[in-house]
Amino acid sequence: MMKRVSSINDDKKDFYQRVFEITRLIPKGRVTSYGAIAKALGATGSSRMIGWALNGCSKEHGVPIPAHRVVNRNGVLTGKHHFNPPSSMQKQLEAEGIEIKDDKVVDFEKLFWDPIKELSEDW
DNA sequence: AATGTGACACAAT
DNA sequence: TATTGTGCCACAT
């Protein structure tokens, strides 16, 4: 019988879990975008859901979710207002060596970490 | 049940 | 290049 593989699962419930997994996989000092994660999950165009999922990450105690490494496709820290304090997002990024200028990630393209590219190795 | 909102992204203007 | 409108899907009221 088919035991559910972690990679292939249509349960919506796992969608959030999937987002957490990928977010957790973001290497230190790197960033990714909501759209990239959505695409990696096969939910292209549903990038807004990523934000919703991450919104609950704060409540997922026990597993640290580096949500601060997720920004929009423009490299802007759009979700900083959901941190407390909001400035902590930039602070954490800077602590990892990421430079922030005007709420934007410097060299975003260079620091961008594509989940699909990484996941395609094993998945 | 319907409507509005949201941590986005893309096309058109 | 910047703004605006539309699509997307889940959740709150």
Side-chain angles (χ1 to χ4, degrees):
Chain A
M1 62 186 88
M2 289 295 289
K3 201 87 185 231
R4 58 175 56 178
V5 186
S6 57
S7 58
I8 301 175
N9 201 328
D10 293 328
D11 289 349
K12 300 173 188 174
K13 226 177 175 189
D14 283 339
F15 183 81
Y16 286 69
Q17 206 62 43
R18 203 87 57 80
V19 175
F20 297 145
E21 270 189 64
I22 293 189
T23 306
R24 230 174 350 193
L25 291 175
I26 303 175
K28 181 183 176 186
R30 295 291 191 121
V31 291
T32 190
S33 69
Y34 303 94
I37 296 176
K39 201 170 188 177
L41 296 177
T44 317
S46 305
S47 34
R48 295 184 126 164
M49 306 302 96
I50 310 302
W52 269 110
L54 290 177
N55 187 9
C57 85
S58 309
K59 301 173 182 177
E60 292 287 334
H61 52 75
V63 191
I65 310 288
H68 58 276
R69 295 179 190 153
V70 185
V71 297
N72 70 352
R73 89 164 202 62
N74 204 16
V76 182
L77 281 53
T78 53
K80 69 174 182 180
H81 273 291
H82 291 261
F83 284 76
N84 75 87
S87 51
S88 67
M89 185 176 186
Q90 175 176 338
K91 200 169 184 178
Q92 287 180 82
L93 287 173
E94 289 176 333
E96 297 183 356
I98 300 178
E99 197 175 347
I100 308 296
K101 179 82 172 180
D102 190 35
D103 291 343
K104 286 178 294 186
V105 177
V106 179
D107 294 328
F108 173 65
E109 294 187 11
K110 206 179 288 185
L111 296 173
F112 181 76
W113 179 80
D114 192 345
I116 304 175
K117 186 177 179 184
E118 295 293 326
L119 296 177
S120 61
E121 299 288 325
D122 291 320
W123 298 29

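Proteins come first, then strands; the chains are lettered A, B, ... in the order of their sequence lines, and each starts at number 1.
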Any donor-acceptor N/O pair under 3.5 Å between C:dC8 base and A:Ser46 side chain: no

Starting at atom [atom1] of [X], determine the distance to atom [atom2] of [N], rounded to an integer number of angstrom.
X	N	atom1	atom2	result
A:Phe108	B:dC8	CZ	P	13 Å
A:Leu41	C:dC9	CG	P	13 Å
A:Lys80	B:dA7	NZ	C1'	12 Å
A:His82	B:dG6	NE2	P	8 Å
A:Asn74	C:dT3	CG	C1'	14 Å
A:Tyr16	B:dG6	OH	C1'	11 Å
A:Arg18	C:dA10	CZ	C1'	16 Å
A:Gln92	B:dA7	CD	P	18 Å

Sugar-phosphate only, base, or nothing, as touched by A:Thr44 at under 4.0 Å among non-hydrogen atoms: nothing

Sugar-phosphate only, base, or nothing, as touched by A:Arg48 at under 4.0 Å among non-hydrogen atoms: base

Nearest listed nucleotide, side chain of A:Trp52, among C:dA10, B:dA9, B:dA7: C:dA10

Test item: side-chain donor near acceptor, A:Gln17 and A:Glu21, under 3.5 Å: no

Any donor-acceptor N or O pair under 3.5 Å, side chains A:His68, A:Glu96: yes

Residue mapping more 5' on DNA chain B - nearest nucleotide basis, A:Val71 or A:Met49: A:Met49

Donor-acceptor contact below 3.5 Å, side chain A:Asn72 vs main chain A:Gly75: yes

A:Phe20 side, atom CZ; A:Leu25 side, atom CG - distance, nearest 0.5 Å: 13.5 Å

